[in-house]
Asker: 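This is the structure, below, for whatever I ask next.
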Amino acid sequence: MGKLKFHNISSAIDLSFWHILAKKKLEEMKLEDQILNINGYYSTNNNPDIAPVFRIISDSFNENAAIPSNSIRIRGLLKVFNTKEDFISSSKPPLLQKAAEQITSENLVSFILLVYADLKNFVFTYWVGFPVFNFNPVEYEELPIQEVNLQHLKVSLAEKVDQNSLKSIFGINKTGEYEENWGESDIICYLDPASSTDFPSSVLRNILGLMSQGKQFGSKKFLAIKNGLSSNPQYFTLERSKLYNIEIPETTKDFIGWEANSKGKIQAKTIDLRPQLDPHNLATSAVDLNLKLMRWRMSPELNLDILASTKCLLLGSGTLGSQLSRNLLAWGMKNITFVDSGKVSYSNPVRQSLYEFEDAKNAVPKALRAAKKLQEIYPGVQSSGYQIEIPMPGHSISSTEDHARENYLQLESLIKEHDVVFLLTDSRESRWLPTVITSALDKICLSVALGFDSFLVVRHGGCPSDDRLGCYFCNDVVAPRNSMTDRTLDQQCTVTRPGLSYMASSVAVELLVSLLQHPLRHKAKHGDSTHLGILPHHLRGSFSTFGIASYVSSAFSKCTACCVKVIDQYLNNGFEFVKMACNDPDYLEEVCELKELEANEKLLADELIEIEDFD
Ligand SMILES: [Zn+2]
């Protein structure tokens with residue numbers, strides 16, 4: 001005879017559980033903080049040095065998940081607090097009581113996991129309550145295990161393991177037969193996760209409490225099964241199992257059971273996941289965090305997946321390309337490609353955020369350096385760079401035809417591979433060919449241009465159709481030509497107020513993000529709106545007024561870059577058409593019948609003069 005003591009069962013929480021919790025909090029729970037159901041698991045084992053534990057694992061959120069082999073499922077609770085202050089100040093006894101309400105003859109033990117998740121730093125503050133009946137020490141007597149027909153029991157247990165129908169508690173009769181209804185059984189058997197032979201675990205404590213609450217008083221025999229089990233009875237023994245004779249005590253519905261921390265104090269614990277995480281994964285999670293938090297309160301409908309999967313091609317990796325790519329990164333865009341024919345020069349680093357002095361010293365190709373720099377900023381990005389000279393009207397390619405053809409084909413295939421093309425080059429004519437190709441392929445295309453103190457951002461209307469919005473060239477009645485000859489130095493270089501590129505690239509990226517939220521994408525009309533606000537066609541901003549205004553213009557039926565005739569020429573004749581347009585911009589005006597328009601306008605003007613004269 002002696003006083004019975006119990007081994008407490010402590011929690012062991014898998015790292016994978018914390019990862020899933022972080023994801024769920026961020027994406028599903030958001031600001032909700034009601035108590036949720038989760039599962040824990042325990043099992044018997046063969047190592048007497050292992051303290052009894054129940055595990056909370058990655059599957060713990062899944063109510064219907066398969067139970068790990070040889071394990072017993074525990075129904076428990078989870079409460080995730082929104083602030084650390086709430087976590088600390090919340091009244092704990094009612095929470096433990098809630099978990100205790102889960103204790104039944106089907107669920108001998110339960111738990112509640114309280115968590116405050118600092119998702120910014122991957123630190124979780126948590127406390128596990130494992131409620132057990134609180135009663136005065138009871139007398140017990142250990143009986144010789146030989147009283148039990150262990151061989152018979154082993155066969156029954158192996159069968160249950162094999163059928164995956166192992167119960168946490170059952171009975172055996174005098175001849176050792178297995179009995180599902182254990183209330184009247186000769187011996188009550190239960191699986192005990194405390195594998196050391198000195199005392200049982202608190203599973204028995206709760207069995208005694210439940211029997212007491214059910215007024216099943218009197219003296220009862222309990223078999224604590226303390227060995228690991230298998231579906232083959234030859235592969236396990238029950239040698240460390242214990243048989244006790246216990247008088248069922250009087251109990252109240254009074255529960256204790258908050259876990260101690262590593263210092264033995266009844267206090268919350270913390271786990272810092274940073275050391276376990278790969279820095280690249282940490283960066284990815286942290287970048288996603290800022291975006292996903294937008295969905296908590298400010299913009300619940302925000303579709304981040306579409307942003308993450310959109311492939312952006314930036315034609316030009318100078319002042320605009322640098323800033324714009326960083327804005328794309330900030331929005332979680334993960335596929336960014338640069339095209340630029342130039343090399344980093346000494347004037348670049350102060351204005352173009354992707355380059356440094358050393359890049360200028362080594363005259364590295366801009367597109368390649370930009371792609372690499374982006375990966376240095378955020379390794380999760382898929383970025384690449386191509387040194388391509390875009391064929392341009394007015395820039396004859398007769399002497400460099402093979403080179404131009406190669407550039408043309410490479411540009412065309414890049415545009416095909418991407419979803420969005422940004423036109424960010426510093427000359428008008430270099431935007432012509434990409435406008436033609438993106439219109440023909442119906443890609444999203446945004447053109448950004450800078451003046452000295454003003455900027456323009458325009459979204460192109462895509463392939464020719466009725467009611468289409470205009471492209472960058474739609475307001476022109478002449479073909480783009482070589483704008484670089486006969487120009488003074490200030491006319492050749494981008495002379496702009498330095499802040500302008502930041503502003504213009506921000507506006508362009510925000511317009512794209514809004515556009516991607518609309519089901520019609522670039523086909524959305526001017527003034528259509530999404531949960532983020534309206535979708536203008538084009539925007540002009542100026543530092544002389546510090547204002548931005550939105551405008552709309554329709555596609556021009558004789559546009560040199562997006563009209564049906566040009567698109568047909570491109571689709572039917574490909575490089576041959578491009579070659580003719582580059583060698584002779586007049587040819588382009590003929591294709592678009594702009595010459596006729598000019599003649600008609602002249603006629604109309606003459607008529608007007610005549611009418612005026614007549615007056
Ligand atoms: Zn156009």
Side-chain angles (χ1 to χ4, degrees), residues 313 315-316 390-394 408 411-412 415 418 420-451 455-483 508 511-512 515 520-528 535-540 550-574 577-578 580-582 584-598 600-601:
L313 177 64
L315 303 183
I390 301 172
M392 300 180 270
Y408 160 78
L411 178 69
E412 186 184 52
I415 292 175
H418 289 76
V420 178
V421 179
F422 283 99
L423 309 187
L424 312 168
T425 48
D426 54 7
S427 76
R428 213 174 160 69
E429 59 267 33
S430 57
R431 295 160 188 254
W432 174 78
L433 179 56
T435 301
V436 173
I437 302 176
T438 52
S439 301
L441 300 178
D442 202 22
K443 297 280 180 178
I444 299 175
C445 179
L446 290 109
S447 199
V448 188
L450 302 177
F455 69 83
L456 167 74
V457 174
V458 53
R459 60 177 169 104
H460 296 190
C463 66
S465 63
D466 294 341
D467 273 359
R468 184 169 53 109
L469 293 171
C471 79
Y472 177 74
F473 293 95
C474 273
N475 288 328
D476 295 357
V477 288
V478 289
R481 284 157 199 277
N482 190 336
S483 62
L511 179 58
L512 171 68
L515 213 54
L520 296 177
R521 309 279 186 269
H522 57 305
K523 297 288 189 189
K525 290 193 167 33
H526 166 81
D528 274 4
L535 289 170
H537 170 229
H538 68 267
L539 293 138
R540 288 173 190 275
S550 67
Y551 302 89
V552 60
S553 56
S554 298
F556 175 36
S557 62
K558 296 178 190 299
C559 172
T560 56
C562 76
C563 75
V564 178
K565 290 193 171 70
V566 166
I567 300 305
D568 282 351
Q569 279 289 330
Y570 159 72
L571 290 173
N572 295 326
N573 302 319
F577 162 66
V578 173
M580 288 172 81
C582 289
D584 178 13
D586 285 345
Y587 166 71
L588 208 47
E589 292 181 3
E590 275 163 35
V591 169
C592 304
E593 295 169 0
L594 276 172
K595 292 280 180 206
E596 280 174 35
L597 182 78
E598 218 174 290
N600 286 343
E601 275 184 352

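Both counts, for ligands and for their atoms, begin at 1 and track the order of listing.
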Asker: If I take the Zn ion (ligand 1) as the centre, what angle separates the SG atom of Cys562 from the SG atom of Cys559? Nearest 10 degrees is fine.
Answerer: 110°
Asker: On the six-membered ring of Tyr472, is Arg428 placed so that its NZ or CZ lies under 6.0 angstrom from the centre and within 45° of the ring axis?
Answerer: yes
Asker: So does His460 have any N/O/S atom less than 2.8 Å away from the Zn ion (ligand 1)?
Answerer: no
Asker: From Cys471, does some N, O or S atom reach closer than 2.8 Å to the Zn ion (ligand 1)?
Answerer: yes
Asker: Quick one: does any side-chain atom of Arg540 pair with a main-chain N or O of Ser550 as donor and acceptor, under 3.5 Å?
Answerer: no
Asker: Nearest 0.5 angstrom please: Leu424 CG to Ser447 OG, how far?
Answerer: 7.5 Å
Asker: Which residues pass the ring-ring contact (aromatic ring centres under 6.0 Å, His included) test with Tyr570, not counting sequence neighbours?
Answerer: none
